[in-house]
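What follows is one structure encoded as structure tokens, with my remarks underneath.
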Amino acid sequence: MEMRKEDRLSKLPNALIQRVLSFLPFKDVVSTGILSKRYRKVWVSTDVFDFRGWWCTYLDKAEASCEHEMDPNDYLMAAKVFLGFVDRVLSVHNDNGDMSTIQKCYIEIDQILFQRDTVKVLVSTIVRPQVEELILDFEYDVTECDYSDDDCDEDEEGIYEYSLKKLYLPRCFFTCESLTRLELNLTYYTALVLPKSFSFPRLEILKLTYVKFNDNDLLQDFFCNCPILEDLSLDTCTWKVEMDAGKLFYCTPKLKILRLSDFIYEGLCFANVLGTSSVAKFNSLTHLVLAQLSYLNVRKLFDFLHNSPNLESLVFDNRICNNTNDGLMTDAVPQCMLLHMKLVEFNNYYGSSSETCVLEYFLKNALVLQKMTIGLWISHLPEDLKNKAIEKLLGFPRVSKCCIVELL
């Protein structure tokens with residue numbers, strides 16, 4: 001008896017196919033359009049659009065088809081073709097009422113696309129639909145930037161500080177009320193030009209890399225318009241003068257996860273936080289990451305701890321080279337260490353007295369600490385000194401009876 005071959009794949013509902021496609025590389029998703037007329041519609045109805053790598057493909061094709069060395073006009077024409085492709089894909093998705101909102105959208109912007117008008121058109125095209133998660137990766141050569149009088153500012157000492165790039169984004173970007181996650185990953189310090197008004201009522205996750213803020217008042221307003229922000233990462237960002245942490249994060253009471261790198265950590269003060277009303281504290285903060293710290297100001301660390309009463313985990317994501325303690329180790333123990341702190345990580349422990357002092361303090365005072373992870377960077381030491389260092393770490397007294405010290 002001959003067995004009938006049943007086409008079970010064609011009977012799968014569109015929602016299930018879209019779910020499967022969301023886990024595939026976007027180029028593979030697009031290639032499914034050749035399978036049948038049905039798939040031509042299905043792939044543009046997926047809720048994840050990853051355009052990373054597409055511009056490079058368009059550029060390679062343009063260079064291969066050009067009979068002469070490409071000039072600026074040729075690159076501009078290639079950019080317009082790429083922008084047209086992105087616009088057509090998202091327009092088809094947006095015009096069909098049966099299609100879901102865009103869950104994620106990724107795109108790379110290089111030196112060619114990093115032109116004021118081009119960036120505005122590209123970002124406007126992306127945020128026009130109801131996009132929920134937007135990741136913009138900027139890759140450009142800072143050596144090709146042109147300096148002008150508008151690109152430098154004179155500080156109090158008469159030293160000119162150059163802003164190599166300025167990033168202009170369209171107004172619709174700053175009023176995209178569907179965004180729940182936003183990542184701006186820049187290549188080098190770039191001044192983000194902020195408008196006077198913006199609104200991100202649904203933004204929960206914000207990650208910024210190499211962003212320079214030139215207006216502290218607008219920066220404060222920016223955070224005030226992210227009322228439900230829960231996860232904030234400021235990686236290698238900077239601003240002009242020291243900012244009061246209480247004022248800066250006053251309007252983000254739901255902030256739970258905070259990652260700060262060197263310049264931001266040093267650029268915060270707590271003049272109007274410590275000892276004031278509880279609304280100025282990081283009452284919701286449970287996870288703090290301090291990254292790329294070349295100098296740990298222990299006074300500032302204690303300000304963070306005292307103003308984060310519910311902090312559960314603290315991560316030192318880079319080596320602590322030096323510190324000032326000013327007798328702080330004898331001050332009152334922060335509330336979070338007495339009631340909530342369960343995890344402390346030292347990801348790059350070199351065995352310096354500065355690191356050891358801070359590490360020992362947590363072991364002696366964190367009453368409910370469950371685990372301390374120490375990433376050892378002592379392979380350069382002779383074997384006998386290495387063993388002594390490990391023995392010393394494991395021998396520190398621990399106030400928490402259930403604390404485990406894990407050496408990596």
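Owing to the predicted nature of the structure, the values given are computational and were not obtained by experimental measurement.
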Gap separating the [atom1] atom of [X] from the [atom2] atom of [Y], nearest 0.5 angstrom:
X    : Y    : atom1 : atom2 : result
T286 : L343 : OG1   : CG    : 11.0 Å
H340 : E312 : NE2   : CD    : 7.5 Å
T252 : L258 : OG1   : CG    : 8.5 Å
L206 : I257 : CG    : CD1   : 13.0 Å
L301 : L314 : CG    : CG    : 6.5 Å
L134 : L136 : CG    : CG    : 4.0 Å

Testing the basics here: between [X] and [Y], what is the closest heavy-atom pair and its distance to 0.1 Å?
X    : Y    : answer
L305 : M337 : CD1-SD, 4.2 Å
N214 : A191 : ND2-CB, 3.4 Å
C336 : S308 : CB-O, 3.2 Å
C237 : L208 : SG-O, 3.4 Å

**Request:** May I ask you to decide whether R259 forms a salt bridge with D317, counting only side-chain N to carboxylate O separations under 4.0 Å?
**Result:**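 Looking at R259 and D317, the cut-off is met.
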**Request:** Check the pair E360 / V358 against side-chain contact (heavy atoms from CB on, under 4.5 Å), numbers first and verdict last.
**Result:** CA-CA 6 Å; E360 185 179 7; V358 175; over 6 Å; no
**Prompt:** Parallel, tilted or perpendicular: which fits the ring planes of F51 and F49, with parallel below 30° and perpendicular above 60°?
**Reply:**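 Parallel, since the angle between the ring planes stays under 30°.
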**Message:** My understanding is that only residues two or more places apart in sequence, or in another chain, count here; which of them pass salt bridge (Lys or Arg N to Asp or Glu O under 4.0 Å) with K392?
**Reply:**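 For K392 there are no salt bridge (Lys or Arg N to Asp or Glu O under 4.0 Å) partners, ignoring immediate neighbours.
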For residues [X] and [Y], determine if any side-chain heavy atom of one lies less than 4.5 Å from a side-chain heavy atom of the other.
X    : Y    : result
E177 : T175 : no
F173 : L182 : yes
K256 : L285 : no
W239 : L234 : yes
S313 : M341 : no
D221 : F198 : yes
L194 : F174 : yes
L184 : L192 : yes

**Message:** Go through it in stages, so that I can follow the logic: the residues are V119 and L169, the test is side-chain contact (heavy atoms from CB on, under 4.5 Å), and I'd like the CA-CA distance, side-chain angles, deciding distance and then a yes or no.
**Reply:** CA-CA 7 Å; V119 169; L169 295 173; 3.8 Å; yes
Only counting residues at least two apart or in another chain, list the ones meeting side chain to side chain contact (heavy atoms under 4.5 Å, CB included) with [X].
X    : result
P253 : none
P227 : none
N185 : I135, D137, E183, T209

Do [X] side-chain atoms and [Y] backbone N/O form a donor-acceptor pair below 3.5 Å?
X    : Y    : result
N310 : N283 : yes
T190 : L186 : no
N365 : Y361 : yes
T236 : Y210 : no

**Item:** Pairs satisfying side chain to side chain donor-acceptor pair (under 3.5 Å), at least one member in residues 196-206, at least two apart
**Value:**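 For residues 196-206, and leaving out neighbouring residues, there are no side chain to side chain donor-acceptor pair (under 3.5 Å) pairs at all.
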**Request:** Applying side-chain contact (heavy atoms from CB on, under 4.5 Å), run through L359 and F346 and close with a yes or a no.
**Result:** CA-CA 8 Å; L359 184 152; F346 293 84; 3.9 Å; yes
Table please: side-chain donor-acceptor pairs of residues 397-408 below 3.5 Å, with sequence neighbours left out.
{"from": "R398", "atom 1": "NH1", "to": "C403", "atom 2": "O", "distance (Å)": "3.2"}
{"from": "R398", "atom 1": "NH2", "to": "L394", "atom 2": "O", "distance (Å)": "3.3"}
{"from": "S400", "atom 1": "OG", "to": "L369", "atom 2": "O", "distance (Å)": "2.6"}
{"from": "E406", "atom 1": "OE1", "to": "K371", "atom 2": "NZ", "distance (Å)": "2.7"}

**Request:** Answer yes if the ring centres of F222 and F213 are under 6.0 angstrom apart, and no otherwise.
**Result:**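 So the answer is no for these two rings.
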**Prompt:** When the ring centroid of F362 is compared with that of F396, is the distance short of 6.0 Å?
**Reply:**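 Ring-ring flag for F362/F396: false, centres at least 6.0 Å apart.
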**Item:** Verdict with reasoning, V315 to L290, per side-chain contact (heavy atoms from CB on, under 4.5 Å)
**Value:** CA-CA 6 Å; V315 178; L290 301 177; over 6 Å; no
**Prompt:** Is the count of non-hydrogen atoms from other residues, nucleotides or ligands lying under 6.0 Å from K207 atom NZ greater than 12?
**Reply:**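 Yes - once you tally the heavy atoms of other residues, nucleotides and ligands closer than 6.0 Å, there are more than 12.
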